[in-house]
Amino acid sequence: MNLQQLKIVIETVKQNFNLTEVANSLFTSQSGISKHIKDLEDELGVELFVRKGKRFLGLTDPGKELIQIAERMLLDAKNIKKLADQFSHSDHGQLTIATTHTQARYALPQIIRQFKTAFPKVHLAIHQGSPSEIVEMLKKGEADIGIATESISLIHELVTFPFYSWHHAVIVPKGHPLEGKKGVTLEEITEYPLVTYHEGFTGRKSIDESFSKKGLSPDIVISALDADVIKTYVELDLGIGIIASMAFNKDRDIKLSVVNSENLFSNNTTYIAIRQGHYLRGYAYKFLEFCSKDLNEEKIKSAINPTIDSDI
């Protein structure tokens with residue numbers, strides 16, 4: 001058994017059991033893919049794939065078990081390379097952060113500036129995506145750290161730490177009837193068209209729940225992935241906006257006003273996530289410490305490698 005065989009098995013599942021696509025993605029021949037899989041099955045003494053003639057239809061029960069082990073083994077292989085890099089080039093390398101637009105735009109800039117000042121030779125790659133895309137990048141080992149609000153804390157392969165809490169804010173264009181009014185209610189808000197986040201982004205679930213508890217059905221005329229787009233359409237007077245509070249800046253957003261709407265929506269918590277067993281370079285721990293002073297290296301190591309002594 002070798003890592004190349006395990007890569008082929010994993011890639012076969014990713015490519016929906018299409019061996020032609022597997023061969024193309026791994027820059028080899030289809031016959032070579034088939035031989036690697038057959039050799040592995042012969043060595044293990046079990047069939048890993050359900051077949052119909054020469055076509056693969058899915059995984060057998062042993063195949064399903066193997067996939068989980070293979071993913072861990074390939075992750076460990078990457079960890080070994082990172083371990084070597086850590087001791088040979090402790091202040092060089094790449095740190096990959098997967099996060100949403102809101103976090104990249106409003107929560108992380110000062111932290112990233114602090115990190116780049118401390119580690120100027122480390123390349124920082126920031127990938128913006130949906131919470132589900134962030135989870136997949138972490139699970140595949142394509143990102144070192146994930147930062148998001150929705151659902152990320154519910155994935156059992158990931159270890160999560162609270163980053164910070166925040167609330168939603170209601171914004172209106174200057175001169176709107178609700179501007180300056182105190183104690184605005186959800187009922188009053190529903191009298192106007194709304195512009196807010198797309199489902200699955202930046203606490204949209206808590207917005208929907210707040211209206212639902214009151215038996216209200218707001219008219220959401222535009223949904224967007226990030227606050228900058230929402231603010232643009234609110235400036236055009238196409239509706240009231242509901243955005244993450246940290247996305248509003250009174251000096252920059254001079255055409256908008258924040259409505260006094262405290263306690264209308266529940267608080268949200270943004271989480272930092274790391275895949276269990278993922279090896280982090282020393283500078284990654286410093287990045288996490290810049291995010292929260294409660295996140296020291298010992299605490300993080302014991303969480304992502306619970307069976308390993310943090311001193312090792």
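Just so you know, residue 1 is the first one in the sequence shown, and it goes up from there. When reading the values below, keep in mind they use all heavy atoms of this one structure, side chains included, and skip hydrogens, waters and symmetry mates.
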Looking at [X], I want to see if its [atom1] is surrounded by more than 12 non-hydrogen atoms of other residues, nucleotides or ligands under 6.0 Å.
X	atom1	value
Lys174	NZ	yes
Glu209	CD	yes
Leu57	CG	yes
Asn263	CG	no
Lys116	NZ	yes
Arg51	CZ	yes

May I ask you to decide whether [X] forms a salt bridge with [Y], counting only side-chain N to carboxylate O separations under 4.0 Å?
X	Y	value
Lys301	Glu297	yes
Lys299	Asp294	no
Asp228	Arg105	yes

Taking atom types as modelled, find out whether [X] and [Y] have a side-chain donor-acceptor pair closer than 3.5 angstrom.
X	Y	result
Asn268	Ser206	yes
Thr96	Gln94	yes
Glu47	Thr60	no

* To do: Just say parallel, tilted or perpendicular for the rings of Phe56 and Phe49, cut-offs at 30° and 60°.
  =>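 Rings of Phe56 and Phe49: parallel, under 30°.
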* For this output row, return yes or no: ring centroids of Tyr192 and His176 closer than 6.0 angstrom. => yes
* **Full working for ring-ring contact (aromatic ring centres under 6.0 Å, His included) between Tyr283 and Phe287** => CA-CA 6 Å; Tyr283 49 72; Phe287 179 88; 9.9 Å; no
Check whether [X] reaches the backbone of [Y] with its side chain - one donor and one acceptor, N or O, closer than 3.5 Å.
X	Y	result
Glu136	Glu133	no
Thr160	Tyr271	no
Gln276	Ile304	no
Asn18	Glu21	yes
Ser165	Thr269	no
Tyr285	Glu298	no

* How about Phe211 and Ser217: do any of their side-chain heavy atoms sit closer than 4.5 Å? ->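 No, too far: nothing below the 4.5 Å cut-off.
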* Applying side chain to side chain contact (heavy atoms under 4.5 Å, CB included), name anything that partners Ser212, two or more places apart in sequence or on another chain. =>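 Ser212: no side chain to side chain contact (heavy atoms under 4.5 Å, CB included) contacts found.
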* Show the numbers, then the answer: is there a salt bridge (charged side-chain N to carboxylate O under 4.0 Å, His left out) between Glu289 and Lys286? => CA-CA 5 Å; Glu289 190 175 324; Lys286 291 302 296 183; 3.7 Å; yes
